[in-house]
Amino acid sequence: MNYFMLFSNLAMFICMAVSFTYGVVRFFKKGKALYLQMIVGGLGCMMLGRAFQFITLLTRGMLPEGFHIGTLGIVGGFLFFLSANYGQMDRLLDDGSVENRKYRLLGLLAPLLIAGIYGLVFLFDIRLESIIVYGVMTAIIMFASYFNLKHFIFPDVEFGIIRSIRGYNLIALLLAVLSVGEIVLLLWGKMIPILILHAAICVVSLAIVPILEKGVKKWTI
């Protein structure tokens with residue numbers, strides 16, 4: 001059994017559980033925006049995915065390659081993040097005008113970066129099934145990262161709504177990069193880089209809800 005992986009997954013689960021619980025207490029109340037609740041829901045999905053990975057490592061000694069509940073938890077988390085930014089929030093700041101085209105184009109830099117990181121998986125000898133599973137996972141993260149970067153760089157709108165959540169969008173973008181980087185490092189199999197990346201995920205997981213809360217306190221209507 002790889003005890004380093006076991007305890008690093010336990011640490012990520014604990015950090016996400018703390019962040020999720022704090023988010024539920026703070027945001028799952030009457031009158032709180034659905035936007036905030038969806039982000040917390042995303043953390044809940046990731047928390048469950050890490051719980052699965054910890055239990056699997058504890059009982060089987062290794063994680064299966066390709067699709068498993070742990071990857072589904074990460075995918076579900078980023079689907080929540082994507083849903084929070086896509087739709088009403090995006091239409092609030094982007095009216096589709098030509099003037100805003102540059103921000104839409106610059107937003108593509110995030111998914112391009114993530115696609116480049118994912119491209120490193122082809123350096124390793126892995127099954128086609130795993131390439132497809134990790135590719136679908138990465139594609140969803142790419143979509144979510146596009147809106148995170150776009151909303152981070154976009155000019156503010158009335159009531160300071162966009163400015164106040166730039167910190168959240170930046171840290172969510174960082175989590176996206178780390179999540180795809182984890183795929184590559186796990187395939188590489190070098191323990192020290194993996195542990196450093198897992199430590200970074202722990203820090204980001206703990207910071208994301210407080211940063212979001214600090215930002216939305218500035219919303220004025």
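Bear in mind that the values here come from a model prediction, so they are computed numbers and not experimental data.
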Nearest heavy-atom pair of Ala84 and Ile39: which atoms, and what distance?
-> CB-CG1, 4.1 Å

Phe143 ring center near Tyr146 ring center (under 6.0 Å) = no

Residue pair Leu58 / Leu6: nearest heavy atoms and the distance that separates them | N-CD1, 3.6 Å

Counting distance only, does the side-chain N/O of Tyr168 pair as donor-acceptor with the main-chain N or O of Val209 below 3.5 Å?
-> no

Nearest heavy-atom pair of Ile141 and Ser179: which atoms, and what distance?
-> CD1-CB, 4.1 Å

Report yes if the side chains of Val180 and Met142 come closer than 4.5 Å at any heavy-atom pair, otherwise no.
-> no

Just by distance, do the side chain of Ser8 and the backbone of Met5 share a donor-acceptor pair under 3.5 Å?
-> yes

Is there a donor-acceptor pair under 3.5 Å between the side chain of Arg166 and the backbone N or O of Phe154?
-> yes

Considering non-hydrogen atoms only, spot the tightest contact between Ile208 and Ser19 and give its length.
-> CG2-OG, 3.9 Å

Decide ring-ring contact (aromatic ring centres under 6.0 Å, His included) for Phe54 and Phe13; before the verdict, give the C-alpha distance in whole Å, the side-chain angles of both, and the deciding distance to 0.1 Å.
-> CA-CA 8 Å; Phe54 169 72; Phe13 164 71; 7.4 Å; no

Let me see the working for His68 and Val133 under side-chain contact (heavy atoms from CB on, under 4.5 Å), right down to the final yes or no.
-> CA-CA 9 Å; His68 54 77; Val133 169; over 6 Å; no

Given Met89 and Ile162, is the side-chain contact (heavy atoms from CB on, under 4.5 Å) satisfied, shown in steps?
-> CA-CA 9 Å; Met89 179 61 75; Ile162 299 304; 4.2 Å; yes

Over all atoms of both residues, closest heavy-atom pair of Ala110 and Leu149 = N-CD2, 3.5 Å

Take Met62 and Thr56 through the test side-chain contact (heavy atoms from CB on, under 4.5 Å) and record every step on the way to the result.
-> CA-CA 7 Å; Met62 61 180 295; Thr56 301; over 6 Å; no

Under 3.5 Å side-chain donor-acceptor pair for Asn9 and His198 | no

Between Lys32 and Phe27, the two heavy atoms sitting closest are CB-O, 3.0 Å

Checking Ser205 side chain against Ile201 main chain: does a donor-acceptor pair fall under 3.5 Å?
-> yes

Are any of the side-chain heavy atoms of Lys150 and Leu106 separated by less than 4.5 Å?
-> no

Derivation of the side chain to side chain donor-acceptor pair (under 3.5 Å) call for Asn148 and Ser145 | CA-CA 5 Å; Asn148 286 133; Ser145 72; over 6 Å; no

Would you confirm whether Glu182, through its side chain, and Leu197, through its main-chain N or O, come within 3.5 Å as a donor-acceptor pair?
-> no

Measure from the side-chain N and O atoms of Ser130 to the backbone N and O of Ile126, and report whether any donor-acceptor pair falls under 3.5 Å.
-> no

